[in-house]
Student: 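Encoded as structure tokens, here's the structure I'll be asking about.
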Amino acid sequence: MTPRTGLTAPDATPAAVGSPQPGARPEHASRPADPHLPDAVPRLAAAGPHPAATARQPADTVPSRPVRVRARVPFTLRRAGNRTAELVTFHAPPDEGEHIAVLFPTPDSGEPEREPTDAHAPLVRLHSECLTGDLFGSARCDCGPQLDEALALLARHGGALLYLRQEGRGIGLYSKLDAYVLQDAGADTFEANRLLGRGADERDYRTAALMLHALGLRRVTLLTNNPDKERQLRAHGIEVTATRLTGVHVTPDNTAYLDAKARGGHRLPFGRPGTEEPV
Ligand SMILES: Nc1nc2c(ncn2[C@@H]2O[C@H](COP(=O)(O)OP(=O)(O)OP(=O)(O)O)[C@@H](O)[C@H]2O)c(=O)[nH]1
């Protein structure tokens with residue numbers, strides 16, 4: 001039986017949404033992994049930017065195609081306290097990624113909670129794929145605990161998690177692991193990307209905005225510490241009525257990574273009581 005999500009999923013997306021807006025990032029082509037890495041990492045670093053990093057399609061030539069809901073499938077999610085959620089797939093995401101949305105119903109009992117969200121601006125998490133953290137529980141990053149935190153909050157309050165196939169901040173799994181090799185030699189997370197000839201963060205949230213439009217979610221409460229997500233969603237016509245910060249999930253292995261995130265502009269609520277654990 002399909003769960004009651006309280007979230008609508010219209011078929012079409014307004015054409016205006018597909019057009020890049022000022023402040024939006026350009027589309028990034030997907031890139032094949034270099035089969036010679038990691039041995040070739042120092043050579044690549046010396047060779048300058050990866051050609052794909054400098055040959056992106058200009059934003060104004062990106063075709064404007066509507067993103068539509070393709071299928072809605074109910075699942076019971078053990079990782080979300082055995083709540084039933086709908087997994088939603090999409091037709092025609094502009095970056096051709098197999099992104100999914102996970103829609104959690106508004107709780108049945110009592111009034112929907114006003115905090116952290118309300119019925120008109122449901123809680124939404126844009127979660128960038130992290131195979132190492134999300135699946136294997138790597139302690140190098142905070143992705144796994146952030147995913148658990150988001151699932152717990154969404155199971156409690158209802159809303160949507162967009163699981164975006166943006167592994168390694170958009171550079172892909174193999175390149176992320178090459179970046180880890182460089183980090184182990186002293187580079188921080190952003191420098192390591194640049195040494196590989198890639199952007200410090202190549203993620204583009206236009207597809208995420210189009211997915212939200214396809215789901216009828218034009219007003220959201222965003223769960224993130226990353227102001228770029230908020231800025232890009234707004235540039236693509238999503239009204240972010242409030243931002244709820246995620247917790248800071250510290251491990252012995254991720255302190256340098258968290259420090260670099262804070263230097264890079266993430267709002268990490270270090271020192272706020274209780275925020276070192278999922279909130
Ligand atoms: N290139 C690279 N990617 C990483 C590294 N550590 C984690 N990631 C990727 O970063 C993405 C998560 O981004 P983060 O910067 O941790 O967090 P965020 O999504 O920007 O911000 P929040 O919404 O606050 O979680 C995932 O795709 C991870 O695979 C790293 O050292 N290098």
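Numbering starts at 1 and runs along the sequence shown. Order of listing sets the numbers, starting from 1, for every ligand and every atom in it.
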Student: Answer with side chain, backbone, both or neither: which part of Asn193 has a heavy atom less than 4.0 angstrom from an atom of ligand 1?
Tutor: side chain
Student: Tell me whether Arg198 reaches ligand 1 (any heavy atom closer than 4.0 angstrom to a ligand atom).
Tutor: no
Student: If you have a sec, work out which protein heavy atom is nearest atom 26 (C) of ligand 1 and how many Å separate them, to one decimal?
Tutor: Glu129 O, 3.4 Å
Student: Could you verify whether a donor N or O on one side chain and an acceptor N or O on the other, from Glu149 and Thr246, lie under 3.5 Å apart?
Tutor: no
Student: Examine the side chains of Asn254 and His249 and answer whether a donor and an acceptor come within less than 3.5 Å of each other.
Tutor: no
Student: Taking only heavy atoms of Asp142 into account, list the atoms of ligand 1 that are under 4.0 Å away from them.
Tutor: 16 (O)
Student: Could you list the residues that satisfy side-chain hydrogen bond (donor to acceptor under 3.5 Å, both in side chains) with Arg70, not counting sequence neighbours?
Tutor: none
Student: I need the nearest protein heavy-atom contact for atom 7 (C) of ligand 1: residue, atom name and distance, please.
Tutor: Tyr257 CE1, 3.7 Å
Student: How far is atom 4 (C) of ligand 1 from the closest protein heavy atom, and which atom is that?
Tutor: Lys176 CD, 3.7 Å
Student: Should you measure from each heavy atom of Tyr180, which atoms of ligand 1 turn up under 4.0 Å away?
Tutor: 6 (N), 30 (C), 31 (O)
Student: Can you tell me if Arg140 has a non-hydrogen atom under 4.0 Å from ligand 1?
Tutor: no
Student: Would Lys261 and Asp142 pass as an ion pair if we require N to O under 4.0 Å?
Tutor: yes
Student: Please determine whether any non-hydrogen atom of Arg203 lies less than 4.0 Å from an atom of ligand 1.
Tutor: yes
Student: Any non-hydrogen atom of Asp228 lying under 4.0 Å from ligand 1?
Tutor: no
Student: Select the closest option to atom 17 (O) of ligand 1 among Glu202, Glu149, Lys261, judged by heavy-atom distance.
Tutor: Lys261
Student: Nearest to atom 19 (O) of ligand 1, what protein heavy atom do you find, and at what distance?
Tutor: Lys229 NZ, 2.7 Å
Student: For ligand 1, indicate whether the residue Thr132 contacts it via side chain, backbone, both or neither (heavy-atom separation under 4.0 Å).
Tutor: neither
Student: In chain order, what residues pass the side-chain contact (heavy atoms from CB on, under 4.5 Å) check against Asn82, with sequence neighbours excluded?
Tutor: Thr76, Arg78
Student: Between Glu167 and Lys176, does any side-chain N to carboxylate O distance fall below 4.0 Å?
Tutor: yes
Student: Tell me, which protein residue and heavy-atom name are nearest atom 10 (O) of ligand 1, and how many Å apart are they?
Tutor: Arg169 CG, 3.2 Å
Student: Please tell me whether Asp134 and Tyr163 have a donor and an acceptor in their side chains that are separated by less than 3.5 angstrom.
Tutor: yes
Student: So which heavy atom in the protein is nearest atom 23 (O) of ligand 1, and how far is it from that ligand atom?
Tutor: Thr224 OG1, 2.5 Å
Student: Could you tell me whether Asp95 and Arg165 have a side-chain N and a carboxylate O separated by less than 4.0 Å?
Tutor: no
Student: Would Arg140 pass as a cation-pi partner of Tyr180, given that its NZ or CZ must be under 6.0 Å from the six-membered ring centre and within 45 degrees of the axis?
Tutor: yes
Student: Can you tell which part of Gln166 has a heavy atom less than 4.0 Å from ligand 1: side chain, backbone, both or neither?
Tutor: backbone
Student: Which atoms form the tightest heavy-atom contact between Ala179 and Leu196, and what is the distance?
Tutor: N-CD1, 3.7 Å
